[in-house]
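Okay, structure first, notes after.
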Amino acid sequence: RRAAPCPPAVVYRWGAERGRPSSEVPEVLRDRRGRLWGGTARGLCLFDAAHGCSAVYGEEQGLPGSYVLDLFEAKTGDLWVGLLGGASRLRFDDARAGAPEVSTLRVADGLPAEQVQAIAEDEHGTIWLAGSGGLAAFRETTADAARRVRAWTAAQGLPSGSLYGLLAGSDGEMWIGAAGSGLLRFRPPADPLAPSAPPLAFTHFGREQGIDARAVFAVREDGRGRLWLTTNAGIYHFDPRAHGGRGAVLRHFDRSSGLISNDVSTGNSIALDDQGRVWAGFSGGTTCFDPALEEAPLPPPPTSIDRV
């Protein structure tokens with residue numbers, strides 16, 4: 001069923017005349033302090049309605065590059081930035097105004113590759129970083145004081161070297177959207193950098209569970225522990241607990257279902273709002289799916305047997 005027309009929205013536009021360094025904005029995040037951040041192709045912008053882009057962070061401020069791929073706010077309030085050249089952490093001091101403290105991770109610090117596509121935090125406070133070369137974990141305090149980053153590649157059993165999406169599930173599991181391998185899951189140890197930490201065990205979900213796609217770009221969780229996956233073959237609604245934990249696709253959406261395109265090709269192009277609606281962005285526009293508008297299936301018609 002089609003939704004009723006939306007009321008007129010108040011739209012603010014920040015262009016080059018308002019300080020935005022690039023027209024390409026792959027990622028947007030509003031932090032818990034209410035600040036609006038925009039990750040662009042030429043740096044990280046702090047926006048406000050009065051001044052537009054009021055501050056820009058790039059290589060001159062310590063970031064390992066300017067092209068922003070992901071923004072993530074940790075439980076501590078730190079802002080993590082994934083870039084083509086690595087990752088940065090911006091730490092703010094609420095007691096005083098001024099520029100944040102910037103810390104940077106590169107390949108020289110232990111990342112498996114320079115490109116950091118997605119960032120997430122597990123229930124133990126470990127920051128996980130996924131990208132073109134593999135998976136990495138960062139901990140500020142660890143049993144091994146000389147080592148703050150650990151990486152996993154094919155040599156450590158990672159099924160795919162090209163990772164796009166990353167999600168810390170409400171049940172403590174970590175989920176990865178990957179190229180070739182589809183959807184991956186692992187259970188993070190309390191301290192993955194400790195010498196005694198067990199190896200990561202990756203579980204793969206793909207064509208056998210109904211995910212018929214070459215790549216999973218983003219993973220989002222709804223309020224019932226089910227996952228929304230954006231792929232090169234449309235959007236999948238996936239229940240990892242179905243069939244005794246083997247998992248199953250509940251719904252598959254593509255152009256025949258009303259999507260603008262089958263290819264949701266970035267890791268930041270899907271969001272769930274507080275009403276349970278799913279929003280997906282494409283190069284040609286936006287699609288919204290509202291589960292509340294679905295009509296219940298009709299009951300089967302009454303039958304009777306006259307003769308055998």
Side-chain angles (χ1 to χ4, degrees), residues 9-106 111 114-121 127-132 138 164-167 217-218 220 230 264-273 279-286:
V10 177
V11 178
Y12 295 95
R13 181 183 180 275
W14 294 286
E17 73 281 358
R18 304 292 296 279
R20 194 181 71 188
S22 172
S23 61
E24 188 175 354
V25 186
E27 174 73 326
V28 176
L29 180 142
R30 186 176 293 279
D31 66 22
R32 66 191 64 182
R33 299 173 178 88
R35 296 175 300 195
L36 181 64
W37 297 90
T40 82
R42 294 184 178 178
L44 174 66
C45 286
L46 175 61
F47 290 99
D48 66 65
H51 304 97
C53 187
S54 59
V56 179
Y57 299 87
E59 293 183 67
E60 291 184 3
Q61 290 72 36
L63 273 61
S66 298
Y67 200 108
V68 178
L69 297 171
D70 192 37
L71 296 175
F72 175 78
E73 186 180 18
K75 300 168 189 173
T76 59
D78 295 339
L79 180 65
W80 283 85
V81 188
L83 303 112
L84 283 177
S88 286
R89 181 188 65 189
L90 278 63
R91 175 163 288 177
F92 301 88
D93 187 350
D94 291 333
R96 61 181 180 85
E101 173 192 333
V102 178
S103 302
T104 294
L105 298 177
R106 297 181 174 86
L111 294 182
E114 291 185 347
Q115 180 174 322
V116 175
Q117 190 76 37
I119 304 172
E121 181 179 11
I127 299 295
W128 294 87
L129 307 100
S132 59
F138 169 87
Y164 298 109
L166 198 56
L167 170 76
F217 297 115
R220 299 289 185 268
T230 63
V264 189
S265 56
T266 70
N268 305 314
S269 54
I270 185 170
L272 277 67
D273 65 22
W279 297 83
F282 305 85
S283 60
T286 303

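All values reported here derive from a predicted model rather than from experimental measurement. Here, residue 1 is the first one in the sequence, and each next residue gets the next number.
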(message) Strictly by salt bridge (Lys or Arg N to Asp or Glu O under 4.0 Å), give each pair with a member in residues 78-87 just once, sequence neighbours left out.
(response) D78-R91
(message) How long is the straight-line distance from CZ of F217 back to CD of Q117, given to the nearest 0.5 Å?
(response) 9.5 Å
(request) Hey, could you give me each pair passing side chain to side chain donor-acceptor pair (under 3.5 Å) that has a residue in residues 55-68? Not counting sequence neighbours. (result) E24-Y67
(message) With side-chain contact (heavy atoms from CB on, under 4.5 Å) as the criterion, how do L44 and L71 come out once you've worked through the C-alpha distance, each side chain's angles and the decisive distance to 0.1 Å?
(response) CA-CA 9 Å; L44 174 66; L71 296 175; 3.6 Å; yes
(message) Rounded to the nearest 0.5 Å, what separates atom OG1 in T40 from atom CZ in R42?
(response) 8.5 Å
(request) Please list, chain by chain and in numerical order, all residues satisfying side-chain contact (heavy atoms from CB on, under 4.5 Å) with L46, sequence neighbours excluded. (result) R35, W37, S54, A55
(message) Suppose the criterion is salt bridge (Lys or Arg N to Asp or Glu O under 4.0 Å): which pairs have a residue in residues 63-74, not counting sequence neighbours?
(response) R32-E73
(request) Drop me the distance from R89's CZ to L79's CG, to the nearest 0.5 angstrom. (result) 11.5 Å
(message) Going by side-chain contact (heavy atoms from CB on, under 4.5 Å), name the residues that satisfy it together with P64, two or more places apart in sequence or in a different chain.
(response) L83, S88, T104, R106
(message) With rounding to the nearest 0.5 angstrom, report the CD1 to CD1 distance, I127 to I119.
(response) 8.0 Å
(message) Among L29, L90, V116, exactly one meets side chain to side chain contact (heavy atoms under 4.5 Å, CB included) together with V81. Which residue is that?
(response) L90
(request) Return the minimal non-hydrogen interatomic distance between P26 and G39, and the atom names on each side. (result) CD-O, 2.8 Å
(request) State the CD1-CZ distance between I270 and R220, to the nearest 0.5 angstrom. (result) 7.0 Å
(message) Suppose we screen for ring-ring contact (aromatic ring centres under 6.0 Å, His included). Which residues come up paired with W80, at least two apart in sequence or across chains?
(response) F138
(message) Which heavy atom of A87 sits nearest to which heavy atom of L111, and what is that distance?
(response) N-CD1, 4.4 Å
